[in-house]
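Since the structure comes first, as structure tokens, the remarks are kept for the end.
The structure presented is a predicted model; accordingly, all values stated were derived computationally and were not measured.
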Protein chains: 2
Amino acid sequence: MNPLYVQIKKRITENLVGGLWHPGQSIPSEIELAHSFNVSQGTVRKAIDELAAESILIRRQGKGTFVASHNEENIQLRFLRLTSSIGNKEKLDNRLISFGKEKASNGLAKTLKINNASTIVSIKRVLTFNQKPLILDLIKVPASSFRGLTPEKIVEKKGSMYRMYESDFGIQMLHAKEKIKAVAANSEVAKILGVKVNSPILSVERISFTYDNSPIEWRLGLCLTENHHYATELE
Amino acid sequence: MNPLYVQIKKRITENLVGGLWHPGQSIPSEIELAHSFNVSQGTVRKAIDELAAESILIRRQGKGTFVASHNEENIQLRFLRLTSSIGNKEKLDNRLISFGKEKASNGLAKTLKINNASTIVSIKRVLTFNQKPLILDLIKVPASSFRGLTPEKIVEKKGSMYRMYESDFGIQMLHAKEKIKAVAANSEVAKILGVKVNSPILSVERISFTYDNSPIEWRLGLCLTENHHYATELE
DNA sequence: GAGTGGTCTAGACCACGGC
DNA sequence: CCGTGGTCTAGACCACTCA
């Protein structure tokens with residue numbers, strides 16, 4: 001049998017998945033949860049501690065515990081690790097290049113855990129900072145999870161796909177795995193990003209997950225790193 | 001005033017810095033620590049919890065709490081994020097290219113928090129996997145912290161600088177920050193890594209820290225990513 | 001069986017935010 | 001002022017390791 005706090009953690013997660021508590025809103029207080037789950041406050045605390053460490057919940061002293069959201073005022077683009085090397089604030093923009101549906105390849109179907117040849121939505125877009133192209137994104141998501149996804153919705157949210165997934169489809173990105181390589185720009189990429197063919201490009205392949213480690217988006221980001229870098233920390 | 005458990009955490013850290021407890025060895029039990037610090041076991045527990053989360057201590061149920069070490073049997077190269085894309089186990093090797101002393105540039109002095117033009121040890125080496133060159137490392141550390149560092153010591157430890165820092169100099173690397181870019185190979189790099197000039201190369205700049213966030217090593221890793229990738233997770 | 005970390009409880013008090 | 005999360009305590013019991 002699992003420890004009690006793990007069971008509580010699971011029940012809280014179920015409430016989040018089930019849509020009982022919504023992103024940005026507060027969940028019941030620790031004392032209330034302790035009563036409704038018939039455990040001590042300390043046990044609820046430990047469960048919430050872990051969820052907070054995973055950035056699924058956010059504690060605010062004196063106010064309550066809140067469901068994490070991509071729609072927060074301050075933090076936009078929670079998953080964007082690319083930052084300017086010279087440190088100036090920059091204006092982000094989003095230009096859609098193509099939008100269409102296609103059949104998933106076997107490899108993609110496997111990583112997204114969907115049936116072979118399922119329909120997926122394929123999106124190509126460019127992120128620009130200060131008018132200059134910076135990242136070419138190729139994004140693929142299962143069509144079944146995103147019925148009603150249109151080019152207009154992408155343009156509307158100005159770059160933050162995850163905000164849109166959350167507010168328009170009730171799907172929350174919680175964590176992601178990335179594989180990073182250095183590659184040479186081919187002619188198409190070079191043209192879109194405005195560099196010479198064979199210029200070095202940072203390739204960032206990402207698989208994003210929602211609750212219970214379900215993969216929900218595959219993405220390939222091709223980034224210019226002349227004046228920017230991908231920042232990370234090791235422990 | 002800081003919370004009690006933060007004070008306890010600090011006192012435990014001081015014992016680690018002061019060399020009272022050594023890497024790989026166990027520290028006193030929670031109950032003993034609680035008595036000697038005159039606090040409850042729960043408070044010691046919370047302090048240790050945080051240190052364990054930072055990979056500074058390692059808990060082992062039934063055995064005790066241990067000081068983390070780079071000399072662990074299983075985990076070698078704790079900070080190496082580059083892995084094979086095809087997933088086969090590979091044999092790592094280490095070839096020293098150059099070893100010398102020089103004056104720190106102003107920029108380097110600033111990042112390592114040492115005086116301008118202090119003496120630093122500069123090391124160039126290649127890591128090979130399965131006989132093929134994979135990473136060209138340029139490493140710079142303050143000479144004052146590593147008196148007696150010789151080329152022989154580097155060759156001896158076969159690649160793990162951090163093991164050597166720990167066992168030969170009592171300096172423990174705890175965490176690091178990295179900046180990643182894609183760059184083009186210049187002629188020297190191309191020659192050493194065995195690729196064409198202007199091939200795309202993954203550039204990983206790392207600053208490593210010991211206790212209290214003191215920087216102790218600057219490193220630039222130039223990696224081939226044809227068959228390998230840098231792996232990371234986002235939360 | 002003795003000793004370690006891991007879980008759980010109950011209750012007290014503190015620090016912060018907002019009415 | 002009240003309700004929230006944050007800290008601290010004391011004590012009970014469980015789960016694991018090793019002699």
Supply the atom-to-atom distance B/F129 CZ to B/T83 OG1, rounded to the nearest 0.5 angstrom.
9.5 Å
Find the distance B/K9:NZ to D/dG6:P and express it as a whole number of Å.
16 Å
Does C/dG6 have OP1 or OP2 under 4.0 Å away from a side-chain N or O of B/R59?
yes
Please work out which of the three classes, parallel, tilted or perpendicular, describes the rings of A/H70 and A/Y162, given edges at 30° and 60°.
tilted
Just checking, is any N or O donor in the side chain of A/Y230 or B/E178 under 3.5 Å from an acceptor N or O on the other one?
no
If I take atom CG from residue B/L174 and atom CD1 from residue B/I56, how far apart are they, to the nearest 0.5 angstrom?
5.0 Å
For A/I58 and D/dG5, give me the distance from atom CD1 to atom P, rounded to whole Å.
14 Å
dist A/E50:CD -> A/L57:CG (nearest 0.5 Å) comes out at 11.5 Å
Residues touching DNA chain C, which here means a heavy atom under 4.0 Å, drawn from residues 26-45 of chain A
A/V39, A/S40, A/T43
D/dT9 C1' sits how many Å from B/I8 CD1, rounded?
13 Å
Side-chain N,O (B/K46) to OP1/OP2 (D/dT7) below 4.0 Å:
yes
Look at the aromatic rings of B/F209 and B/H175 and report parallel, tilted or perpendicular, splitting at 30° and 60°.
parallel
Rounded to whole Å, CG of A/N2 lies from C1' of C/dT7 at a distance of 12 Å
Consider only side-chain N and O atoms of A/H229 and A/S85, and report whether a donor and an acceptor are under 3.5 Å apart.
yes
Can you check the B/L4 CG to C/dA12 C1' distance for me, whole Å?
15 Å
Do A/S69 and A/E166 have side-chain N/O donor and acceptor atoms under 3.5 Å apart?
yes
Test applied, side-chain hydrogen bond (donor to acceptor under 3.5 Å, both in side chains); reference residue, A/Y165; option that passes from A/K153, A/Q172, A/E217:
A/E217
Can you tell me the distance, in whole Å, between the CZ atom of A/R60 and the C1' atom of D/dG3?
17 Å
Polar atom pairs between nucleotides 15-19 of chain D and protein, under 3.5 Å, N or O only, would you list them?
| from | atom 1 | to | atom 2 | distance (Å) |
| --- | --- | --- | --- | --- |
| D/dA15 | N3 | B/Q61 | OE1 | 3.2 |
| D/dC16 | O4' | B/Q61 | OE1 | 3.0 |
| D/dC18 | OP1 | B/K63 | NZ | 3.2 |

In whole angstrom, what separates A/Y5's OH from C/dG5's C1'?
12 Å
